[in-house]
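Scroll down for the structure; my scribbles are underneath it.
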Number of protein chains: 2
Amino acid sequence: MDETAPQKGTVTQRAIEQIKAMIGEGRLEPGQRLPTERDLAVQLGISRSSMREAIRALTVLGVLEARHGSGIYVTQLEAGDLLETFGVVADLSRGPRLVELLEVRRILESTATALAAARITPDQLAEVEKHLTAMNATEDPEEILAHDLAFHREIAGAAGNETMAAILDGLSSRTFRARVWRGYQEEGAFARTRREHTAIHRALVAHDPEAARAAAAAHVGEVEQWLRAQLGA
Amino acid sequence: MDETAPQKGTVTQRAIEQIKAMIGEGRLEPGQRLPTERDLAVQLGISRSSMREAIRALTVLGVLEARHGSGIYVTQLEAGDLLETFGVVADLSRGPRLVELLEVRRILESTATALAAARITPDQLAEVEKHLTAMNATEDPEEILAHDLAFHREIAGAAGNETMAAILDGLSSRTFRARVWRGYQEEGAFARTRREHTAIHRALVAHDPEAARAAAAAHVGEVEQWLRAQLGA
DNA sequence: TCCGCCATAGTGGTCTGACCACCTGGCCGG
DNA sequence: CCGGCCAGGTGGTCAGACCACTATGGCGGA
């Protein structure tokens with residue numbers, strides 16, 4: 001009856017591809033609910049175990065979402081859903097790879113900040129200021145880090161490219177930054193960070209893209225150079 | 001007995017986190033072989049089915065690699081291994097998200113090309129030329145696309161940032177580009193593409209970063225603008 | 001002695017069927 | 001009419017069996 005699968009790879013892998021294809025071809029819309037695991041297994045002619053592995057795989061990729069007791073749904077397939085796995089990359093990278101990731105972040109962050117300088121709205125600017133002042137008002141590293149992240153996320157959002165913002169979010173994932181900061185803050189980098197953030201903010205207020213680009217690049221580049229030196233030592 | 005897991009999330013999710021943690025803490029080195037599925041399941045106190053789901057999840061993320069009949073191994077955790085999932089993102093993105101991805105690619109590709117202009121070696125330059133001439137010597141879209149990909153990949157590699165090269169590779173994944181090209185090539189874009197590639201190559205030969213950046217940005221931007229227009233229509 | 005074949009043990013891959021935990025919606029009683 | 005209860009359906013987990021493949025080491029022949 002079914003001559004769709006001419007035997008290639010594992011059945012699970014095949015199931016993953018088939019579901020991905022269904023979504024790619026539009027047979028499954030974002031947010032739509034899929035048949036039950038049991039039905040899907042029958043449809044593709046495989047066991048429920050294999051089908052579950054396929055579903056689990058697509059779940060960690062941010063393509064599907066399983067709700068216990070309710071069903072399996074296609075995510076909205078937005079940038080945030082799919083790029084969440086980017087954080088894993090950042091978390092598992094070490095040594096020279098960390099420097100490379102920071103270099104990528106520097107390139108994207110500087111461009112995003114430049115775009116934001118041109119496009120940011122008063123409301124968004126107010127939000128940025130909120131995190132800036134909150135960050136300056138505390139000495140708790142945890143809180144500083146949180147506002148630091150929010151500061152940059154808000155700016156990336158103002159750049160108007162959700163995909164880029166999602167990537168930057170992954171590149172700044174909590175554990176990633178925490179790992180770098182642990183050693184970085186020892187050299188009293190808080191003050192410098194605050195100065196750099198102020199410079200970025202000033203460029204945003206002035207709607208000066210080039211100044212914003214330079215300030216952001218310098219900000220990330222500072223950490224990048226420090227990390228590079230650490231590895232060379 | 002075991003107070004490691006105080007009940008949070010599904011057992012599979014917990015297993016995923018635990019294995020990730022083992023790698024993050026260095027208890028599992030890249031390339032190292034893991035215990036068997038059966039042993040791992042016993043160690044973490046879960047069933048083999050759940051353990052298999054966890055392994056499958058980490059497999060699609062490029063963290064683990066399962067070899068039938070041999071065992072499960074940690075990948076080298078290099079950029080290419082972990083960023084393969086980036087291709088999935090590109091394949092499943094549609095509409096405005098495609099434009100955003102192209103914008104990200106434009107930013108990274110232009111910078112990568114600029115870096116390459118400064119650092120490229122004669123050998124690498126020869127390789128680039130090979131793909132350029134091969135691309136000009138055929139009319140088969142399939143082959144042109146293949147050499148087009150290789151052309152950019154070689155340049156990205158010459159930039160000296162493996163991570164960036166891997167991301168660009170994902171952003172240029174076969175199905176992604178094929179989808180865009182299907183409509184794009186109708187307007188006789190082959191000639192324009194060749195011209196643009198020639199301009200990029202010329203900048204590389206001259207070791208002129210700024211010219212390279214401009215040429216690469218224009219090259220990607222061309223497609224980006226076309227796609228933007230398509231969506232607006 | 002050495003090489004090559006092959007039996008075998010061990011591994012991941014798949015299947016089955018059962019049970020549990022949770023959500024949902026409808027029914028029933030207030 | 002409303003609220004709580006309950007049953008059916010769903011994903012989550014488990015157990016055990018068998019299959020497909022790989023690697024290893026021993027055996028036989030050259």
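Just so we're on the same page: letters track the sequence lines, and every chain starts at 1.
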Check for me whether the distance between the ring centres of B:His147 and B:His197 falls short of 6.0 Å.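 Centroid distance B:His147-B:His197: not below 6.0 Å, so no.
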Quick check: A:Phe176 with A:Trp181 (ring centres under 6.0 Å apart)?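 Ring centres of A:Phe176 and A:Trp181 not closer than 6.0 Å.
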Would you kindly give the CZ-to-P distance between B:Arg33 and C:dG10, to the nearest whole Å?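 Nearest whole value for this atom pair: 12 Å.
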Would you please name every residue forming a side-chain contact (heavy atoms from CB on, under 4.5 Å) with A:Thr133, sequence neighbours left out?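 With neighbours one apart ignored, the set is empty.
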Heavy-atom neighbours of A:Glu25 CD exceed 12 at 6.0 Å: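 Correct, the count exceeds 12.
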Does the side chain of B:Leu115 reach to within under 4.5 Å of the side chain of B:Ile120, using non-hydrogen atoms?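 A side-chain contact is absent here, since even the closest heavy-atom pair is not under 4.5 Å.
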Exercise: do [X] and [Y] side chains pair donor with acceptor under 3.5 Å:
X        : Y        : answer
A:Gln124 : A:Thr121 : yes
B:Thr193 : B:Asp148 : no
A:His152 : A:Glu109 : yes

Under 4.0 Å, counting only non-hydrogen atoms across every strand here, what does B:Ile55 touch: a base, just sugar-phosphate, or nothing?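 No contact at all - B:Ile55 keeps every heavy atom at 4.0 Å or more from the nucleic acid.
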Scoring nucleotides 14-25 of chain C by protein non-hydrogen atoms under 4.0 Å (B base, S sugar-phosphate only, - none) yields BBB-BB-BBS--
Extract, from 5' to 3' on DNA chain D, the first and final nucleotides lying under 4.0 angstrom from some heavy atom of chain B.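 Under 4.0 Å from chain B, the extent on DNA chain D is D:dG12 to D:dT22.
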